[in-house]
Amino acid sequence: MLFTKDDFGDDFKWGVSTAAYQIEGAHNIDGKGLSIWDTFSQKKKKIFNNHNGNTACDFYTHYADDIALLYKLNIPNYRFSISWSRILPHGIGAVNIKGIDFYNKVIDFCLELGIEPWITLYHWDLPQELQQKGGWANREIINWFSYFVDCCIKNFGDRVKRWMVLNEPMVFTGAGYFLGVHAPGKKGLSSFLAAAHHAALCQAEGGRIIKTLRSDCKVGTTFSYSHVEPYRTGNEKDLKAALKVDALLNRMFIEPLLGLGYPTKDLKILERIERFMYPHDEKKLKFDMDFTGLQNYTREIVSHAPLMPFVKAKIIKASKRNVQHTLMDWEIHPPSIYNALKRYSSYQQIKEIIVTENGAAFTDAHEEGMVNDSERVKYLQDYIAQVLLAKKEGVKVNGYFVWTLMDNFEWAEGFYPRFGLVYVDFATQQRVVKNSGRWYSQFLKNTVPASM
Ligand code: FCB
């Protein structure tokens with residue numbers, strides 16, 4: 001069956017997403033302070049091939065060409081993040097005017113071309129000076145973060161009407177404060193639970209600040225969501241393991257925001273978060289977002305694993321299961337996004353869902369000005385078709401953003417996995433639109449249908 005953009009309705013928001021550290025480069029230019037990713041990526045063996053984002057796509061220099069490219073590709077919405085330490089080099093206190101100028105130029109140029117800017121306040125690059133004081137594990141983060149939000153809204157809120165408070169709190173607290181594989185490289189349950197609780201408080205507090213300063217802005221926040229299924233269907237132990245992993249990966253941040261509290265019933269270990277709770281925190285965790293950003297790439301298959309600490313469960317990687325997967329070893333499984341949307345729509349409190357990230361990394365070959373990434377074209381079509389299916393069944397999904405505009409620094413995996421609709425030659429900073437970029441552009445122009 002064929003479908004077109006029209007099937008989603010006129011009001012559906014189509015776009016692409018990026019994040020500051022992954023594209024901007026200019027990590028120590030024009031007064032920018034260092035972030036935890038600037039320091040983490042300098043450490044040996046933390047990032048694939050010891051890559052770092054010092055230059056990345058040098059969006060700091062090339063922003064005008066890149067935004068012009070968005071325009072050329074008919075992409076009407078652009079989600080990007082603000083580097084906290086670019087505008088506040090010390091995290092709080094003095095403002096770096098050149099940093100503010102940069103984002104003003106980005107925002108104004110988007111608007112000039114009729115592209116709506118969507119800003120993520122925090123996409124993982126905490127100012128290093130704040131990390132020195134404990135970062136997300138220090139409750140003071142609520143004040144530091146409030147200061148940053150206030151600064152962004154006062155400077156940009158007159159023109160930017162769509163805001164997302166955090167990007168995937170589960171990933172930055174889990175990978176950064178529990179597993180130690182992302183910045184700041186901390187490990188252990190205690191630092192994780194503290195960081196997680198403070199992030200959950202900040203996501204609500206950020207929302208409150210934005211609405212107080214500018215009631216005309218729409219506020220949301222984003223969550224990673226991977227549909228979780230048991231390895232052996234019908235096996236009691238695997239089923240229990242799946243429930244726990246689901247509580248951890250998919251429910252831990254959204255449920256307190258919705259006023260449901262932490263999912264301690266299905267994941268006992270979360271009871272230990274109480275140690276970090278102050279009186280009235282439960283109330284403070286709640287905030288009524290205008291929209292919810294859902295980010296989905298894959299599903300997770302989980303089995304019982306008695307030796308695994310805390311959850312007694314393990315995720316079985318796609319390559320071990322012999323199923324189709326991307327370069328991230330994430331299973332290609334389009335119904336995952338449908339399941340994710342259905343799950344979110346079962347939360348009555350959610351008003352509007354926007355898919356703020358979806359995409360795939362493949363080995364892209366650049367040959368004679370062409371990148372024939374047919375696997376990505378198929379991936380996008382298949383996932384978008386599932387979004388349509390969910391929408392037709394009444395799910396309040398009203399937007400879809402591809403991760404990502406152009407190949408960039410993929411965190412611990414460095415420059416190895418390429419996710420872009422646009423190929424980047426990192427040696428020359430040359431951009432080459434991939435076939436997936438052409439396809440998305442034509443789909444958005446309504447000149448080609450997609451197949452279901
Ligand atoms: C998400 C992140 C984004 C990008 C994609 C592949 O978890 O939000 O920055 O790395 O994964």
R162 and E116: CA distance, side-chain angles, deciding distance, salt bridge (Lys or Arg N to Asp or Glu O under 4.0 Å) verdict
CA-CA 8 Å; R162 288 277 195 165; E116 166 135 43; 5.3 Å; no
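- Counted by atom type alone, Y297 and E357 present one or more donor-acceptor pairs between their side chains at under 3.5 Å.
- Contact annotation: the side chain of K314 never approaches that of V302 to less than 4.5 Å [non-hydrogen atoms, C-beta and beyond].
- Taking the charged nitrogens against the carboxylate oxygens, D216 and K161 do have a contact shorter than 4.0 Å, which makes a salt bridge.
- Side-chain contact check for R232 and S303: no donor-acceptor pair (N or O, by modelled atom type) lies under 3.5 Å.
- No hydrogens or angles considered: a donor-acceptor pair under 3.5 Å links the side chains of R343 and Y225.
- In Y416, the OH atom is not crowded: 12 or fewer heavy atoms of neighbouring residues, nucleotides or ligands sit closer than 6.0 Å.
- Counted by atom type alone, Q295 and T356 present one or more donor-acceptor pairs between their side chains at under 3.5 Å.
- A donor atom on one side chain and an acceptor atom on the other are not found under 3.5 Å apart for R418 and N408.
- Comment: K320 does not engage D329 in a salt bridge, judged by the lack of any side-chain N to carboxylate O separation of less than 4.0 angstrom.
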Salt bridge (Lys or Arg N to Asp or Glu O under 4.0 Å) between E205 and K284, intermediate numbers included:
CA-CA 7 Å; E205 192 55 24; K284 288 186 188 161; over 6 Å; no
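- For the pair K5 (side chain) and L444 (backbone), a donor-acceptor distance under 3.5 Å is present.
- Within the 3.5 Å criterion, the main-chain N or O of G359 finds a donor-acceptor partner in the side chain of Y379.
- A salt bridge links D38 with K32: the distance from a Lys NZ or Arg NE/NH1/NH2 to an Asp or Glu carboxylate oxygen falls below 4.0 Å.
- Under a cut-off of 6.0 angstrom, the local environment of CD in E393 is crowded, with over 12 non-hydrogen atoms contributed by other residues, nucleotides or ligands.
- In this structure, P169 and Q203 approach most closely via the heavy-atom pair CG-OE1, 3.8 Å.
- Using a 4.0 Å cut-off between charged nitrogen and carboxylate oxygen, D66 and R431 count as a salt-bridge pair.
- Counting only N and O atoms by type, the side chains of S41 and Y21 include a donor and acceptor under 3.5 Å apart.
- Using a 4.5 Å heavy-atom threshold, the side chains of K218 and M289 count as separate.
- Y122 and W136 form a side-chain donor-acceptor contact under 3.5 Å, judged by distance and modelled atom types alone.
- Between F148 and W84, the ring planes lie parallel to each other; the angle is under 30°, not in the 30° to 60° tilted range.
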Run the salt bridge (Lys or Arg N to Asp or Glu O under 4.0 Å) check on D150 and K154 step by step: do they pass?
CA-CA 6 Å; D150 184 272; K154 285 186 177 149; 3.0 Å; yes
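- When atom types are taken as modelled, the side chain of S441 and the backbone of L73 share a donor-acceptor pair closer than 3.5 angstrom.
- Considering only residues two or more places apart in sequence or on other chains, N49 meets the side chain to side chain contact (heavy atoms under 4.5 Å, CB included) condition with H51.
- Aromatic ring centres of W37 and F40: separated by under 6.0 Å.
- For the pair D7 and K392, the salt-bridge criterion is not met [side-chain N within less than 4.0 Å of a carboxylate O].
- By the 30° and 60° cut-offs, the orientation of the rings of F415 relative to F409 is perpendicular.
- Looking at D6 and N446, their side chains do bring a donor and an acceptor atom within 3.5 Å of each other.
- The aromatic rings of H182 and W124 are tilted relative to each other, their planes meeting at an angle between 30° and 60°.
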Salt bridge (Lys or Arg N to Asp or Glu O under 4.0 Å) for D108 and R159? Distances and angles first, verdict last.
CA-CA 8 Å; D108 290 343; R159 286 152 293 151; 2.8 Å; yes
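- Around the NZ atom of K378, the shell of radius 6.0 Å holds no more than 12 heavy atoms that belong to other residues, nucleotides or ligands.
- Remark: F12 CZ is packed, more than 12 non-hydrogen atoms of other residues, nucleotides or ligands lying under 6.0 Å away.
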For a side-chain hydrogen bond (donor to acceptor under 3.5 Å, both in side chains) check, start with the C-alpha distance between T55 and D58, then their side-chain angles and the critical distance, and finish with the verdict.
CA-CA 5 Å; T55 307; D58 196 14; over 6 Å; no
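- In this structure a side-chain-to-backbone donor-acceptor pair under 3.5 Å is missing from K13 to I354.
- In the displayed structure, K72 atom NZ is contacted under 6.0 Å by at most 12 heavy atoms of other residues, nucleotides or ligands.
- Side chains of N250 and D246: a donor-acceptor N/O pair is present below 3.5 angstrom, by distance only.
- Using a cut-off of 4.0 Å between Lys/Arg side-chain N and Asp/Glu carboxylate O, D364 and R376 are scored as salt-bridged.
- Under the 3.5 Å distance criterion, with hydrogens and angles disregarded, no donor-acceptor pair is assigned to the side chains of S336 and N296.
- Atom CG of N155 and atom CD1 of I107 lie 9.0 Å apart (nearest 0.5 Å).
- For the residue pair N167 and T222, the shortest heavy atom distance occurs at CA-OG1, 3.1 Å.
- Electrostatic pairing of K286 and D288 does not count as a salt bridge here, judged by no charged N lying under 4.0 Å from a carboxylate O.
- Sequence neighbours left out, the pairs with a member in residues 100-121 that pass ring-ring contact (aromatic ring centres under 6.0 Å, His included) are Y60-F102, Y63-F102, W118-F291, W118-F401.
- Shortest non-hydrogen contact noted between R86 and G25 is NH2-O, 3.0 Å.
- Annotation: side chain to side chain contact (heavy atoms under 4.5 Å, CB included) contacts of T292 (sequence neighbours excluded): F223, I254, Y344, I350.
- Across all non-hydrogen atoms, the minimal contact from L70 to I115 is CB-CD1, 3.8 Å.
- Side-chain atoms of T404 and S17, non-hydrogen and from C-beta on, never get closer than 4.5 Å to each other.
- Considering CG of N372 and CZ of R438, their distance stands at 10.0 Å, rounded to 0.5 Å.
- In the model, H227 has no side-chain atom that pairs as donor or acceptor with a side-chain atom of Y338 under 3.5 Å.
- Looking only at distances, a side-chain donor or acceptor of N52 sits under 3.5 Å from a matching main-chain atom of N54.
- Considering only heavy atoms from C-beta on, R251 comes within 4.5 Å of D266 through its side chain.
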Would E331 and Q324 count as a side chain to side chain contact (heavy atoms under 4.5 Å, CB included) here? Give the steps.
CA-CA 6 Å; E331 181 182 0; Q324 267 200 319; 5.9 Å; no
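- Closest of all the heavy-atom pairs between L126 and I141 is CD1-CD1, 3.8 Å.
- The neighbour count for K396 NZ, taken as heavy atoms of other residues, nucleotides or ligands under 6.0 Å away, is above 12.
- The backbone N or O of G33 lies less than 3.5 Å from a partner atom in the side chain of S85, making a donor-acceptor pair.
- Contact record, V371 with H366: CG2-CA, 3.9 Å, taken as the closest heavy-atom pair.
- Aromatic rings of F80 and Y78 (six-membered ring for Trp) have centroids within the 6.0 Å cut-off, being under it.
- Side chain to side chain, E352 and N398 meet the donor-acceptor criterion of an N or O pair below 3.5 Å.
- For the atom pair CD of E229 and CD1 of I316, the computed distance is 12.0 Å after rounding to the nearest 0.5 Å.
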